[in-house]
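Just so it is clear, the structure is predicted and the values come from calculations on it, not from any experiment. Values below: every heavy atom of this structure, side chains too, minus hydrogens, waters and symmetry copies.
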Amino acid sequence: MTNKRSIAEINQKIEDGEAKIFTAEEFKKLIKDDDAPSFEEVDVVTCGTCGVMSGTAAILNFIVSEPGEFIRASEVYLNGVPAYAGPCPNEWLGSVDVILHGTAHSIYDENYGGGFLLKDILDGKEIDVRVESADGKTIENKITMKDITRAQIIGSRMSFKNYTAFTNPNEESVSSIFGAIPLEGNLRGLTFSGCGALNPLQNDCAQNIIKEGTKVLLNGTQGYILGNGTRSSPEKPNLMLSADLTKMDPYYMGGFKTGQGGEVYDTVAIPIPVLTEEIYNNLLIMDEDVKIPVADIKGRHLPLDETDYGKLWAENDLRPKYDSDKCLKCDSCIVEEICPTNAFASERIDFTYCFGCGMCANYCPNNAFDMNTGDVNLKINGNEVNIPIICRQSDRLRANKLSLKLKEMIENKEFKFD
């Protein structure tokens, strides 16, 4: 008879402090070491992913003036980032409802967008607000988190199971959201997204557990799966998620500069209770089992070859090391200019902002940054080529940290299964 257990049984083991819970990283390491726990020896595996997630939006309500000062907002800008007023008009109340896209760009600086703005809000920074009202008035004010009465993240397309890696076989550089800066031609570099075998949907591809109503951690706080996301399919699923922005941890969310301006990244962790042997067997997937196509940066419809996450992540470094002795203090620092999360400034890396993308190590002319991001061997147009990985748009360190936080919350009975 097939082994099975119920959610009630797992909840009781958690209550009794007897549940065997692993993060995906811990579980995969045991498999790699030929010491995988059996079905009977594992109750829950917490899986995580972190990466650029363009479908992120926020619904906000905040106070901008005393009641009676303007009839209703028609245009709203937060640090120059346009937010869409409505749907509630809030006539004469002095407050506005807005929908903010994570991919919206400031009218002053295209590299500053919704992702950077949301992180600034979570960090408690003052935000400049400008409201153009329906009755022809301009209201300018400053707000902080305390002025926001309600804020909800809605991710229309998150936690992708399938991604595509990109390189540029063309002569000229190509700007794209899939590269932190315009990607140089002649196969000089590869950029990719995805946390491979740590990704929740990769570990529950049949979505036996991951479905509408499932509780998750989104950017450090409890949220829910609303259903599958836009452009989701059985072969290439993604999720629609939601959680309270004001309760999120700014470490797990922020902006990411690309060749097409500012983007937004998020971190998601989802627990997989091991109810059946089918669910257990799906958890045995490893990085080398997860294939990823490599395409021309000009489009996913232009496949060149295929690789796997075992080759992309391997044992490569997750964070750079900075050697100030090698820094020549250039008048214009290329790393400060291109760092996607603005983590490097004034000859210092702020690791609360660092994404581990690898751009600093690949572009500093003085080799002041030491970080092995790896390379891949591909066959393109009949030729064997070796291409260095120059940019990672996903962050395994954040994914692992949120998976560990979720594990600890379950152990401490702060996160319960329904």
Review point. Among all residues two or more places apart in sequence or in another chain, which pass the side-chain hydrogen bond (donor to acceptor under 3.5 Å, both in side chains) test with D350?
Key: T352

Could you check whether any side-chain heavy atom of [X] comes within less than 4.5 Å of a side-chain heavy atom of [Y], counting everything from C-beta outward?
| X | Y | result |
| --- | --- | --- |
| S176 | L183 | no |
| I121 | F62 | no |
| L118 | I153 | yes |
| L304 | L378 | no |
| T56 | M253 | yes |
| L239 | L201 | yes |
| T214 | K211 | yes |
| Q393 | F192 | no |

Is the backbone of [Y] close enough, under 3.5 Å, to the side chain of [X] for a donor and an acceptor to pair up by distance?
| X | Y | answer |
| --- | --- | --- |
| D287 | A197 | yes |
| N238 | T230 | yes |
| N170 | E172 | no |
| N11 | F417 | yes |
| D289 | M286 | yes |
| N111 | G261 | no |
| N412 | E414 | no |
| K28 | L283 | yes |
| K161 | Q202 | no |
| D296 | G299 | no |

Does atom [atom1] ([X]) have a neighbourhood of more than 12 heavy atoms from anything else shown, all under 6.0 Å?
| X | atom1 | value |
| --- | --- | --- |
| E9 | CD | yes |
| K29 | NZ | no |
| E171 | CD | no |
| K137 | NZ | yes |
| K291 | NZ | yes |
| E66 | CD | no |

Grab the two heavy atoms, one from [X] and one from [Y], that are nearest each other, plus how far apart they are.
| X | Y | answer |
| --- | --- | --- |
| G189 | I387 | C-CG2, 3.5 Å |
| L100 | P82 | CD1-O, 3.9 Å |
| K20 | E41 | CD-O, 3.0 Å |
| L198 | C47 | O-CB, 3.3 Å |
| G356 | R392 | O-NH2, 3.0 Å |
| V129 | L78 | CG2-CD2, 3.4 Å |

Would you mind checking if [Y] and [X] are paired as a salt bridge, meaning a charged N to carboxylate O distance below 4.0 Å?
| X | Y | answer |
| --- | --- | --- |
| R5 | D43 | yes |
| D249 | K401 | no |
| R72 | E91 | yes |
| R319 | D395 | yes |

I need the [X] [atom1] to [Y] [atom2] distance, nearest 0.5 Å.
| X | Y | atom1 | atom2 | result |
| --- | --- | --- | --- | --- |
| K4 | F39 | NZ | CZ | 10.0 Å |
| N372 | N316 | CG | CG | 4.5 Å |
| N219 | C50 | CG | SG | 8.0 Å |
| F166 | R300 | CZ | CZ | 5.5 Å |
| T246 | M248 | OG1 | CE | 8.5 Å |
| Y252 | L122 | OH | CG | 13.5 Å |

Review point. Between Y163 and Y309, is a side-chain contact (heavy atoms from CB on, under 4.5 Å) present by the stated rule, with each step listed?
Key: CA-CA 11 Å; Y163 285 92; Y309 282 103; 3.6 Å; yes

**Study point:** With P200, the side-chain contact (heavy atoms from CB on, under 4.5 Å) member among I225, T46, T49
**Key:** T49

Practice item. Could you go through the side chain to side chain donor-acceptor pair (under 3.5 Å) check for N3 and E40 one step at a time? Key: CA-CA 9 Å; N3 287 328; E40 293 77 13; 2.9 Å; yes

Practice item. Quick one: do E184 and S173 satisfy side chain to side chain donor-acceptor pair (under 3.5 Å)? Show the steps, please. Key: CA-CA 4 Å; E184 294 179 277; S173 296; 5.6 Å; no

Practice item. Over 60° means perpendicular and under 30° means parallel, so classify the ring planes of H101 and Y84, tilted if in between. Key: tilted

**Study point:** Full working for side-chain contact (heavy atoms from CB on, under 4.5 Å) between N141 and I63
**Key:** CA-CA 9 Å; N141 209 335; I63 308 296; over 6 Å; no

Check your understanding: So is R398 actually on top of Y251's ring, under 6.0 Å and inside 45° of the axis?
Key -> yes

Review point. Does R231 make a cation-pi contact with F160 (under 6.0 Å, within 45 degrees of the axis)?
Key: no

Please table the atom pairs, donor to acceptor, closer than 3.5 Å between any side-chain atom in residues 340-349 and protein atoms at least two apart or in another chain.
residue, atom, partner, partner atom, Å
T341, OG1, Y353, O, 2.9
N342, OD1, K257, NZ, 3.0

Hydrogens and angles aside, do [X] and [Y] bring a side-chain donor and acceptor to less than 3.5 Å of each other?
| X | Y | answer |
| --- | --- | --- |
| D120 | Y112 | yes |
| N282 | N203 | no |
| D16 | Q12 | yes |

Review point. What do the steps show when you test N400 against L404 for side-chain contact (heavy atoms from CB on, under 4.5 Å), and what is the final call?
Key: CA-CA 6 Å; N400 287 332; L404 180 59; over 6 Å; no

Point to revise | Partner of K32 by salt bridge (Lys or Arg N to Asp or Glu O under 4.0 Å), out of E26, E25, E315, E288 | key: E315

Practice item. Go through S95 and N61 one step at a time and tell me if the side-chain contact (heavy atoms from CB on, under 4.5 Å) criterion holds. Key: CA-CA 7 Å; S95 71; N61 174 270; 3.8 Å; yes

Check your understanding: What do you reckon, are the aromatic ring centroids of Y265 and F256 less than 6.0 Å apart?
Key -> no

